There are 2 protein chains.
Amino acid sequence: MHTPICQRLGIEFPLFAFSHCRDVVAAVSKAGGMGVLGVAAYSTERLKQELDWIEAHVGGKPYGVDLIVPNAYEGKGGASASVDALVDGLPAKHKDFATSILEKHGIKSGELDEARKNAGGFARNLADGGASSLEVAFQYPIKLIANALGTPPPLMIEMGKQHGVAVAALVGAKEHALAQAAAGVDIIIAAGTEAGGHCGDVTTMVLVPEVVEALSAANIDVPVLAAGGIVTGAQMAAAMAMGAAGAWCGSVWLTTPEAETSEVIKKKLLAASSRDTVRSKSRTGKYSRQLRSPWTDAWEAEAAPKPLAMPLQTFISEPPLRLIDKLADGGHPGAQELATYWVGQGVGLMNEPLSAGAVVQQFKEDFARAYERLAAAIGA
Amino acid sequence: MHTPICQRLGIEFPLFAFSHCRDVVAAVSKAGGMGVLGVAAYSTERLKQELDWIEAHVGGKPYGVDLIVPNAYEGKGGASASVDALVDGLPAKHKDFATSILEKHGIKSGELDEARKNAGGFARNLADGGASSLEVAFQYPIKLIANALGTPPPLMIEMGKQHGVAVAALVGAKEHALAQAAAGVDIIIAAGTEAGGHCGDVTTMVLVPEVVEALSAANIDVPVLAAGGIVTGAQMAAAMAMGAAGAWCGSVWLTTPEAETSEVIKKKLLAASSRDTVRSKSRTGKYSRQLRSPWTDAWEAEAAPKPLAMPLQTFISEPPLRLIDKLADGGHPGAQELATYWVGQGVGLMNEPLSAGAVVQQFKEDFARAYERLAAAIGA
């Protein structure tokens with residue numbers, strides 16, 4: 001395709017792959033789309049390793065980096081952003097509740113506080129507003145930098161302009177799109193409520209045209225990528241028929257062999273229907289969509305403590321979930337039941353394991369079929 | 001368009017208008033789409049009047065009728081289906097809560113029980129499984145009969161086959177689509193969670209391709225209409241790119257001059273964004289999407305009583321809501337705040353009042369533009 005966004009970013013097909021796995025990023029970029037590495041929880045050392053690897057394997061194709069610097073979170077700007085202090089202050093009620101879920105499923109958790117202190121990568125990156133991650137990322141020839149959960153920090157926008165790197169930001173409402181475009185964001189990613197991970201409550205089918213129309217009415221010429229529930233080329237074509245410049249997908253890569261997802265989770269995702277996800281605050285403190293499991297059900301029950309604010313809830317949930325993943329992979333039946341991961345409602349359409357490159361190829365073919373379908377309907 | 005569903009139903013453009021207003025039904029059918037009259041709460045006398053009027057005004061164009069015969073509701077098959085008995089058995093807690101919302105907004109409700117007994121049209125129709133409504137409807141040359149909230153009753157499917165009338169049914173999950181197609185339904189309406197009125201929790205963007213794929217995998221050749229959030233031709237084109245045979249829309253007609261909606265509600269709908277709706281059980285006892293107002297907020301608050309089962313909650317909510325509408329139209333400020341109506345998230349895209357015929361015309365033009373957009377992207 002020779003659309004403006006393809007020309008600007010030097011890509012062949014405007015399919016963007018958000019992934020925590022470098023292998024997916026490189027594979028998608030090599031297949032003509034654009035891989036974007038999610039680095040929210042990485043230390044600067046780890047980030048360097050990952051970007052070095054991508055540089056060595058991406059064959060000169062364009063790729064990007066995605067951070068999470070929310071506008072609002074617990075401890076912002078304050079001394080309490082020290083990870084140890086945050087962990088020491090976690091309420092016993094929440095820690096005990098997490099432990100009780102594990103115990104009900106035959107898992108002896110032991111002491112999780114040490115793991116909690118080591119799980120603080122995300123909170124550490126929050127504490128400096130993403131500055132050290134940005135400094136590393138811009139040492140590489142990235143073509144896009146993205147932010148979730150609010151207007152990107154001014155430093156990200158400045159560095160983007162300085163390095164000629166497109167700055168993208170996720171939004172869940174048209175008001176946010178207008179605010180972010182005004183702040184200097186180059187690409188708006190409109191993410192519907194069906195999206196895996198953090199999401200608002202407006203659906204992709206409504207949000208995409210609403211954002212496109214709001215920007216157009218304000219005479220703002222910023223391309224909009226559609227996100228949320230999109231796992232096929234026909235859905236991507238649908239979004240582009242509504243004015244999107246392309247699709248931003250996360251879930252669809254989770255069942256590829258390249259992905260970081262464990263085998264247990266992959267199996268669960270391939271078997272799940274669109275009704276097997278839940279939008280819950282229990283993982284990070286803000287609403288994020290996940291695969292339903294007895295873990296998420298327990299947190300959604302009336303008896304559960306209300307999730308803590310971001311990033312505190314992450315310290316409550318991540319260490320037990322890491323333990324669950326480890327035990328699940330080792331064959332522990334209780335852990336296999338509890339295992340969960342972020343995924344969107346599009347999981348209902350993810351029914352076969354394909355390589356990341358094959359997914360891109362299938363998107364292209366399915367997109368063409370969707371176009372032919374419309375052409376036939378309209379008699380063109 | 002010369003698609004199979006257009007040929008089968010004798011329509012020009014596969015846009016279906018669900019409306020409680022005969023004027024909308026006739027106008028849409030005359031403009032090339034297909035109007036479908038929602039008659040769930042009508043007495044047989046009223047139904048005859050409405051269908052006589054449509055016959056006299058539709059110019060020989062095809063139209064349809066829509067009922068609600070849920071698979072599960074309170075009092076099904078039992079003696080308690082008598083409206084007076086149902087109203088007498090309503091808990092004081094719920095009635096008092098409704099009254100307290102009115103009072104907080106300066107409305108003296110007086111005695112609502114008499115109004116509750118007169119508001120029982122929907123429950124009465126439930127009591128005979130829709131049989132008397134079906135008998136009347138099939139005396140008219142309708143081309144489609146639709147059911148919501150479950151597999152249509154066997155009588156509806158039998159009468160449809162006997163009269164050569166297509167039987168359609170709304171579904172919110174692929175399992176329901178498969179069950180309904182197996183029961184003999186001719187057209188599946190896949191309604192996403194963003195839909196106004198009763199809705200499930202899977203979004204249109206995911207549900208439509210999921211249902212299309214599930215039917216295709218089962219070798220079932222039943223067309224799928226997309227519903228939920230669709231208020232523009234570009235969204236309709238998007239749905240058809242994903243395999244839908246057309247679009248089923250309800251909300252978009254509510255701001256037309258032909259609609260039954262009051263002026264106060266019309267103004268609120270035109271001003272609302274996609275985030276101004278709520279999916280709540282408080283109106284009918286099953287989840288339905290409505291415009292948010294202090295009325296719905298009160299029912300969503302933690303202190304609110306849990307909504308009763310269908311159809312009991314309707315007796316709690318409808319009489320106060322009718323009173324609110326009446327007072328709101330008379331200029332009562334508290335009533336204007338409380339006023340609400342069923343509407344989908346697409347309300348965020350409904351920003352100008354157009355006649356029903358003009359809406360159809362705009363859909364056609366917008367559909368063509370969406371197609372051109374895709375053609376340009378693909379370089380066709």
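Every chain is numbered from 1 and lettered A, B, ... according to where its sequence line falls, protein lines coming before strand lines. Being a predicted model, the structure only gives us computed values, none of them experimental.
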Nearest atoms (heavy-atom pairs only) where [X] meets [Y]:
X	Y	answer
A/Gly346	B/Val206	N-CG2, 3.8 Å
B/Glu194	A/Thr203	OE2-OG1, 2.6 Å
A/Met205	B/Gln235	O-NE2, 2.9 Å
A/Ala241	B/Ala370	O-CB, 3.3 Å

Contact leader toward chain A among [options], where contacts are heavy-atom pairs under 4.5 Å:
options	value
B/His2, B/Met1, B/Arg275, B/Glu372	B/Arg275
B/Pro209, B/Gly229, B/Gly172	B/Pro209
B/Gly233, B/Gly379, B/Ala377	B/Ala377
B/Met240, B/Lys174, B/Gln345	B/Gln345
B/Thr3, B/Thr204, B/Ile378	B/Ile378
B/Ala238, B/Pro14, B/Ala375, B/Ala234	B/Ala238

Considering residues, nucleotides and ligands other than [X], do more than 12 of their heavy atoms fall under 6.0 Å from its [atom1]?
X	atom1	value
B/Phe97	CZ	yes
B/Arg292	CZ	no
A/Lys267	NZ	no

To the nearest 0.5 Å, atom CD1 of B/Ile230 lies from atom CE of A/Met242 at 9.0 Å

Non-hydrogen side-chain atoms of A/Leu374 and B/Leu374 separated by less than 4.5 Å: yes

**Item:** Short side-chain to backbone donor-acceptor contact, A/Glu210 and B/Leu349, under 3.5 Å
**Value:** no

Heavy-atom proximity to chain B below 4.5 Å, by part of [X]:
X	answer
A/Thr193	side chain
A/Glu175	side chain
A/Asn351	side chain

